[in-house]
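Shown next, in structure tokens, is the structure this report addresses.
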Amino acid sequence: MTDDFKRELDRLIARRRFMKQAGAGAAVVAFGGALWIVSDELTATARAETRSDGRPRLPPGQHVISRLKPMGGDVGDPNPAHFRLRVHGEVEHPMTLDFHQLLALPRVEQSADVHCVTRWTALGIRWTGVRLSEIAKRAKITQRARHVIFEAAHGYTSNIPIHEALKPNVLVAYRIDGHAMPRAHGSPVRAVVPDRYFWKSAKWLTSINFTQRDEPGYWERRGYDNNADPWREQRTS
Ligand SMILES: Nc1nc2c(c(=O)[nH]1)N[C@H]1C(S)=C(S)[C@@H](COP(=O)(O)O)O[C@H]1N2
Ligand SMILES: [Mo]
């Protein structure tokens, strides 16, 4: 089986599973020639669930869809052989990792929900990658590091405070749901910050800058909220 075929098969199986849980209140939406399912029942269920931090699983104003939707952006070079990740700024050991060096770092596989500011949420996406905290430890961030700026292809950036960046659920990810990162979702490597709206999760990641001062990113300079906490509905500023 080719990778594409396996991916398509997994997608069909996942859709079937989602359809079974979605119940009567399911609607099918077409987007760019593909299908997504929106489920009132799964939305209600996720709203009733409680996370370990006491928050409801589903942030206010969100509805559950069957899987990630590619949201576009200025696509970067997907070739892992060309990949370099520069780690710089407030670090004692600046470094540049190629794809193999990134893969050699302690790997975690964990599922996380994704909340897009356009009001869809995808539950339980399985991400594989390296914790940002692991990279911070290896680069030896200094006491002055207060913010993380993700830098991506064609000048896209996003910013998060250091306490958010060092949470164990924040990843530099290279696989989604057991498959290599698809091009539309940031191949070969993207950031994943599950507890912020998804625009903070820079795709086609090229560098990580630890800074003393905050540097509002691409969307933050265009009217989106600097903090972007979905549970406080920090959508626009
Ligand atoms: N490099 C880069 N990363 C990016 C973007 C972008 O335009 N360029 N868009 C952001 C926005 S607005 C969203 S909603 C998510 C979408 O990720 P997805 O396409 O995997 O769903 O990626 C974020 N990361
Ligand atoms: Mo977005």
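Note that the coordinates shown come from a computational prediction; the quantities given were computed from them, not determined experimentally. Scope of the values below: all heavy atoms of this structure, side chains included, with no hydrogens, waters or symmetry mates. Every number for a ligand or one of its atoms is a count from 1 in the order of the listing.
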Measure and list all N/O to N/O distances between ligand 1 and the protein that fall under 3.5 angstrom.
from, atom 1, to, atom 2, distance (Å)
ligand 1, 1 (N), Lys203, O, 2.9
ligand 1, 3 (N), Lys203, N, 2.8
ligand 1, 17 (O), Arg190, NH2, 3.3
ligand 1, 19 (O), Met71, N, 2.7
ligand 1, 19 (O), Lys203, NZ, 2.5
ligand 1, 20 (O), His185, ND1, 2.6
ligand 1, 20 (O), Arg190, NH1, 2.7
ligand 1, 21 (O), Lys69, O, 2.6
ligand 1, 24 (N), Ser201, O, 3.1

Would you call the rings of Trp127 and Phe198 parallel, tilted or perpendicular, taking 30° and 60° as the class edges? tilted
Heavy atoms from other residues, nucleotides or ligands near CE of Met71 exceed 12 (cutoff 6.0 Å):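 Enclosed: over 12 neighbouring heavy atoms sit under 6.0 Å from CE of Met71.
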Counting neighbours of CZ on Arg51 that are heavy atoms of other residues, nucleotides or ligands and sit closer than 6.0 Å, is the number greater than 12? yes
Here the side chain to side chain donor-acceptor pair (under 3.5 Å) pairs for residues 177-191, sequence neighbours left out, are Asp10-His179
Do His115 and Trp199 pass the ring-ring contact (aromatic ring centres under 6.0 Å, His included) test, and can you show the C-alpha distance, the side-chain angles, and the key distance before you say yes or no? CA-CA 9 Å; His115 311 293; Trp199 82 76; over 10 Å; no
Would the distance check show the side chain of Arg221 and the main-chain N or O of Pro216 forming a donor-acceptor pair, the cut-off being under 3.5 Å? yes
